[in-house]
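Step one of this worksheet: look at the structure below.
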Amino acid sequence: MLAYRHQFHAGAFADVFKHALLAQLVLALEKKDKPFLYLDTHAGIGLYDLMHEWAQKNAEHKEGIELIWARKDAPPEMMPFLDAVRAENADGKLRYYPGSPRVVRGLMRAGDRMVLTELNRKDCEALATLFVRDRQVTVELSDGYQALKAHLPPKERRGLVFIDSSFDRAQEFKRLTQGFAEAYKKFATGVYVLWYPLMEPAVMQAFERRVAATGIRKILQLEISVHPREWTLTLRGCGLLVVNPPFGFEAAACAILAWLWPVLSREKAGGQQVKWLVAE
Ligand code: SAM
């Protein structure tokens, strides 16, 4: 039984950050006619009720989706994500928050395919129920790192792979890097998205060194932090590594982060950045 349940964190600033960027990646892939596989290795339950007692416990969505939901000044690059949230809340009141499978599913075309893996049995059951009659979606109770081995390379030869670990075990940075590097060996042309939490500078430097040491190129790094560096009470910030980002994604990401950070960081602490960890 895994201790981490995403229901406690649904709609937090980290979700808003990753899902707004993920939506842009899907749209960028769809600029070509050819179908693709979306593989979500740590999928969660797909749709979150923000009134659920777990979501209410720390009410993290109040510092995330609730801050941006009603804003009128969001840039066009935020719209695919905001539309996905609005689609779950047709009465105009924010109650349901879409997880990554649901955000991406809303943007997929008829020929695209989605494989979702989740290791928590209960969460996997909820996810399977959500997509029960959907022929484009496969839900599996399995370890996400095993799923990378099982599903790559995809038959479509095009793919978006989201590795969104809950980081609830020691050595997760190492596991993430290894899992990604092994997957890349099988499928070097895929677009990979790796989420990570911001921890102490020494940990982050070691992670970046380890990723760079794989020799893999074309890695864009995006980070947002809503608290100062010394903050230790909750997550201070997080990042995404996007490997093989499609054309146009970097500009969209810059527009998203430039708008998101001042809205999400109420005390104007932390910051945001988009940079190449490893260039082409
Ligand atoms: N990707 C989801 C989204 O954006 O809506 C959120 C995922 S949440 C951060 C991480 C999920 O990974 C949790 O639901 C947890 O149960 C699951 N998990 C943890 N370890 C896993 C593993 N080794 N393989 C697959 N799922 C795992």
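One-based numbering along the sequence shown. When reading the values below, keep in mind they use all heavy atoms of this one structure, side chains included, and skip hydrogens, waters and symmetry mates. In each ligand, atom 1 is the first atom listed, and ligand 1 is the first ligand listed.
Nearest protein heavy-atom neighbour of atom 6 (C) of ligand 1: Asp164 OD2, 3.2 Å. Ranking the protein heavy atoms by distance from atom 24 (N) of ligand 1 puts Gly144 N, 2.7 Å first. For atom 19 (C) of ligand 1, the closest non-hydrogen atom on the protein side is Ser166 OG, 3.2 Å. Protein heavy atom at the shortest distance from atom 27 (C) of ligand 1 is His42 CD2, 3.3 Å. Regarding atom 26 (N) of ligand 1, its nearest protein heavy-atom neighbour is Leu119 N, 3.2 Å. Of all protein heavy atoms, the one lying nearest to atom 23 (N) of ligand 1 is Asp143 OD1, 2.7 Å.
For ligand 1, the atoms sitting less than 4.0 Å from at least one non-hydrogen atom of Asn120 are 16 (O), numbered in the order shown with element in parentheses. Listed by number with element, the atoms of ligand 1 under 4.0 Å from a non-hydrogen atom of His19 are 3 (C), 4 (O), 5 (O). Under a 4.0 Å criterion applied to the non-hydrogen atoms of Gly44, ligand 1 contributes the atoms 14 (O). With ligand atoms numbered from 1 in the order given, ligand 1 contributes 24 (N), 25 (C) to contacts under 4.0 Å with heavy atoms of Ser142. Ligand-side atoms of ligand 1 in range of Gly99: 5 (O), range being under 4.0 angstrom from any heavy atom.
Between the side chains of Glu223 and Tyr196, at least one donor-acceptor pair of N or O atoms lies under 3.5 Å. Using modelled atom types, one finds a donor on one side chain and an acceptor on the other under 3.5 Å when comparing His6 with Asp15. One side chain, His151 or Glu140, offers a donor N or O that lies under 3.5 Å from an acceptor on the other.
Contacts between Ala43 and ligand 1 below 4.0 angstrom, taking non-hydrogen atoms only, involve the backbone exclusively. At a heavy-atom distance under 4.0 Å, no atom of Ile45 approaches ligand 1.
Heavy-atom neighbours of Arg109 CZ from other residues, nucleotides or ligands within 6.0 Å: above the threshold of 12. Other residues, nucleotides and ligands place no more than 12 heavy atoms under 6.0 Å from the NZ atom of Lys185.
For atom 15 (C) of ligand 1, the nearest non-hydrogen atom from the set His6, Glu118, Arg121 belongs to Glu118. For atom 3 (C) of ligand 1, the nearest non-hydrogen atom from the set Gly11, Gly179, Ser100 belongs to Ser100.
To the nearest 0.5 Å, the span separating CG on Leu50 from CD on Glu88 amounts to 10.5 Å. Summarising the geometry, atom CG belonging to Leu176 is positioned 12.5 Å from atom CD belonging to Gln171; distances are rounded to the nearest 0.5 Å. The CG atom of Leu277 sits 6.0 Å away from the NZ atom of Lys275 when rounded to the nearest 0.5 Å.
Using a 30° and 60° split on the angle between ring planes, Tyr192 and Phe180 fall in the perpendicular class, above 60°. Ring orientation note: the planes of His19 and Phe81 are tilted relative to one another, at an angle of 30° to 60°.
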